[in-house]
There are 2 protein chains.
Amino acid sequence: MVGRSAVANPSGALLYKEVKRKIIDAVHQGEWKPGGAIPSETKLCERYGVSMGTVRKAVDELSGEGFLIRQQGRGTFVSTHSQDRYLFAFFHVIRQDGHKEYPLVELVEFGKAKAEPCMATALDIKPKSRVLRIVNKLSLSGAPVMLDEILLPENLFLGMTEKMLRERPSTLYHLYQEQFGVTVIRPHEKLRAVLADEVQARLLGVSIGEPLLLIIRTAYSFRDQPVELRRSYVVTRNYEYCTDPMVAT
Amino acid sequence: MVGRSAVANPSGALLYKEVKRKIIDAVHQGEWKPGGAIPSETKLCERYGVSMGTVRKAVDELSGEGFLIRQQGRGTFVSTHSQDRYLFAFFHVIRQDGHKEYPLVELVEFGKAKAEPCMATALDIKPKSRVLRIVNKLSLSGAPVMLDEILLPENLFLGMTEKMLRERPSTLYHLYQEQFGVTVIRPHEKLRAVLADEVQARLLGVSIGEPLLLIIRTAYSFRDQPVELRRSYVVTRNYEYCTDPMVAT
DNA sequence: CAGTGGTCTAGACCACGTC
DNA sequence: ACGTGGTCTAGACCACTGG
């Protein structure tokens, strides 16, 4: 037989996983950029010395994970967090009648802090190392609905300024990607119900003791590296958190 | 060319979607039963007159949707809601330290009611048609944590008795499948934060005004048919709702 | 029109589970 | 040893996009 055997290959891993890794690496090393196209499937076959089916399986998985976007007749592109499809992949709060809307984001606070133990654990950094702290107020239909407290490991976001956040044209995750080369690929969220404290009540325009939905999100980049910890407090009087806002195939 | 063309086929649909549909139908018609094996991939090729790749794509999707379970070296099986992997596909409440636990379920109420407009809409039935109403209390580590109010269209669950619910050995969804031939394949959930009213406080052993996580779930069967509406009230003092409890590939 | 991804074929060898 | 699913090959035709 002229081809390689079905599974055995230099690194000992599955062939299509190997191809996935190589594609991700090429993007990491800047060969193909977010928003740009990657080579056609035929060219990828030649480049990696595998058959179409194997390239397809690799690209299929990467596209399923949201890393690539395929467009029939046009090509396959490296995804960007500025794309519309991405906003609602991470923003799950919609009106109770099902209406979706883009939130208006307002910066409330920006500064540095020392990581508390729970933050350090979640972000996989040393206790008491420095973190950036951002507080945003999000409004829907003109009314404040959500308070975001965002914590970032400082070393990944060196040089972040308040100005960047105020002038940000698109989403925060787009900023991470464009300015700091940090691509969020997977959020993990935990939810609780809590009562509004005085600060939250004031900022959200509700009474103290109003029930709030607390969303604790850890956002992961490649290799399961945590890059952001976020606590969101949502007034669910008119809005709700919706699992799986994605449309079906 | 001897084979059929790549896309054109009798029904005009994609070939692998056609195969998916036929597999689902065979299960529906009782040819292959939940828990049992379906024919090997080779046999499915012959039966449906398509190639391995096409059968694989169909089975891959059905297995991704949780309808089938593949086991290397053994075969492919029709999934059952009694399987362990299924409990946590629908039960997302875990302890705040990440520990997962099986809830103890206790029936609080069982009866019939007329569908309110919002229920009728969600369940896609006529307003004021009859629904079954079940209220369960769920405990974790011996303490009540969650209250479930479950609403079912009566016509799909004719003959359901309180006895069935009390003697239920496994999950409710397993009961739906075994006794009524209703297979839940996809839940859709919306979450809010609310305050405990008097009844909830009493049943859950908390004070009135305790913040509760409200989970409004619509469960769908095949063809996007809604089969259950469920409102769950969770005390999130020690527990939390966790998105994506599934382990990665 | 040429080039892309989407689907499909008809095989092959491998790793795993069961007998 | 045998049958299963898991992976892989080396092509093919189709539908869609763009020039």
Side-chain angles (χ1 to χ4, degrees), chain A residues 1-23 32 35-79 249, chain B residues 1-23 32 35-79 249:
Chain A
M1 176 181 181
V2 53
R4 72 209 312 170
S5 81
V7 170
N9 66 54
S11 77
L14 262 23
L15 239 195
Y16 78 94
K17 295 255 181 201
E18 198 71 5
V19 172
K20 267 180 75 170
R21 198 187 52 69
K22 283 175 180 162
I23 293 174
W32 310 320
I38 69 171
S40 76
E41 303 194 340
T42 318
K43 291 199 182 103
L44 290 174
C45 298
E46 293 167 14
R47 173 172 174 142
Y48 298 124
V50 300
S51 79
M52 275 282 299
T54 305
V55 163
R56 286 198 68 80
K57 186 150 185 179
V59 174
D60 275 351
E61 282 204 9
L62 286 170
S63 136
E65 291 163 14
F67 184 75
L68 297 177
I69 297 177
R70 323 180 70 140
Q71 284 181 249
Q72 189 177 62
R74 299 218 316 132
T76 302
F77 304 82
V78 181
S79 75
T249 316
Chain B
M1 175 180 182
V2 53
R4 72 209 313 169
S5 80
V7 170
N9 66 53
S11 77
L14 263 23
L15 237 195
Y16 77 94
K17 295 254 182 201
E18 198 71 7
V19 172
K20 268 180 73 171
R21 199 186 52 70
K22 282 174 180 163
I23 293 174
W32 309 319
I38 68 170
S40 76
E41 302 194 340
T42 318
K43 292 200 182 101
L44 290 174
C45 298
E46 293 167 14
R47 174 173 175 141
Y48 298 125
V50 299
S51 79
M52 275 282 300
T54 304
V55 163
R56 286 200 67 81
K57 186 150 184 179
V59 175
D60 275 351
E61 283 204 7
L62 286 170
S63 133
E65 291 163 15
F67 184 74
L68 297 177
I69 297 177
R70 322 181 71 139
Q71 284 180 249
Q72 191 178 60
R74 299 216 321 130
T76 302
F77 303 82
V78 181
S79 74
T249 318

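We use all heavy atoms of the structure for the numbers below, so side chains are in, but hydrogens, waters and symmetry mates are not. By convention in this document, chain letters (A, B, ...) are assigned in the order of the sequence lines, proteins followed by strands, and residues within each chain are numbered from 1. Here the structure is a predicted model, which is why all the values come from computation and not from measurement.
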Regarding A:Arg21 and A:Glu18, does a basic nitrogen lie under 4.0 Å from an acidic carboxylate oxygen?
yes
Value in whole Å for how far the P atom of D:dG5 lies from CD1 of B:Ile23
11 Å
Below the 4.0 Å mark, does D:dT7 have OP1 or OP2 next to a side-chain nitrogen or oxygen of A:Tyr16?
yes
Set of side-chain contact (heavy atoms from CB on, under 4.5 Å) partners for B:Ser51, sequence neighbours left out
B:Thr54
Rounding to an integer number of Å, can you tell me how far B:Leu15 CG sits from C:dA10 C1'?
14 Å
A:Thr76 vs C:dG5: side-chain N/O to OP1/OP2 distance below 4.0 Å
yes
What is the distance from CZ of B:Arg56 to P of D:dG5, rounded to the nearest Å?
8 Å
CD1 of A:Ile69 versus P of D:dT17: gap in Å, rounded?
15 Å
In short, B:Tyr16 meets B:Ala58 closest at the heavy-atom pair O-CB, 3.5 Å
Could you list the residues that satisfy salt bridge (Lys or Arg N to Asp or Glu O under 4.0 Å) with B:Arg70, not counting sequence neighbours?
B:Glu41, B:Asp60
In whole Å, what is the span from the CG atom of A:Leu68 to the P atom of C:dG6?
11 Å
Quick one: is B:Thr54 getting a side-chain N or O under 4.0 Å of the C:dT9 phosphate, OP1 or OP2?
yes
Just how far, in rounded Å, is P of D:dG11 from CD of A:Glu41?
16 Å
Got a list of protein N/O to nucleotides 1-3 of chain D N/O distances below 3.5 Å?
residue : atom : partner : partner atom : Å
D:dG3   : N2   : B:Gly73 : O            : 3.0

Suppose we screen for salt bridge (Lys or Arg N to Asp or Glu O under 4.0 Å). Which residues come up paired with B:Lys20, at least two apart in sequence or across chains?
B:Glu61, B:Glu65
Nearest-Å distance for atom pair CG/P, residues B:Leu14 and D:dC16:
11 Å
Residue-phosphate contact under 4.0 Å: A:Arg70 side-chain N/O, C:dT4 OP1/OP2:
no
From CD of B:Glu18 across to C1' of C:dT9 the rounded distance in Å is 18 Å
Compare side-chain N and O positions of A:Lys57 against OP1 and OP2 of D:dT7 and report whether any pair is under 4.0 Å apart.
yes
Please find the pair of heavy atoms, one from B:Val59 and one from B:Thr76, that lie closest to each other, and give the distance.
CG1-CG2, 4.1 Å
Return the set of residues passing side-chain hydrogen bond (donor to acceptor under 3.5 Å, both in side chains) with B:Arg74 (not counting sequence neighbours), or none when no residue passes.
none
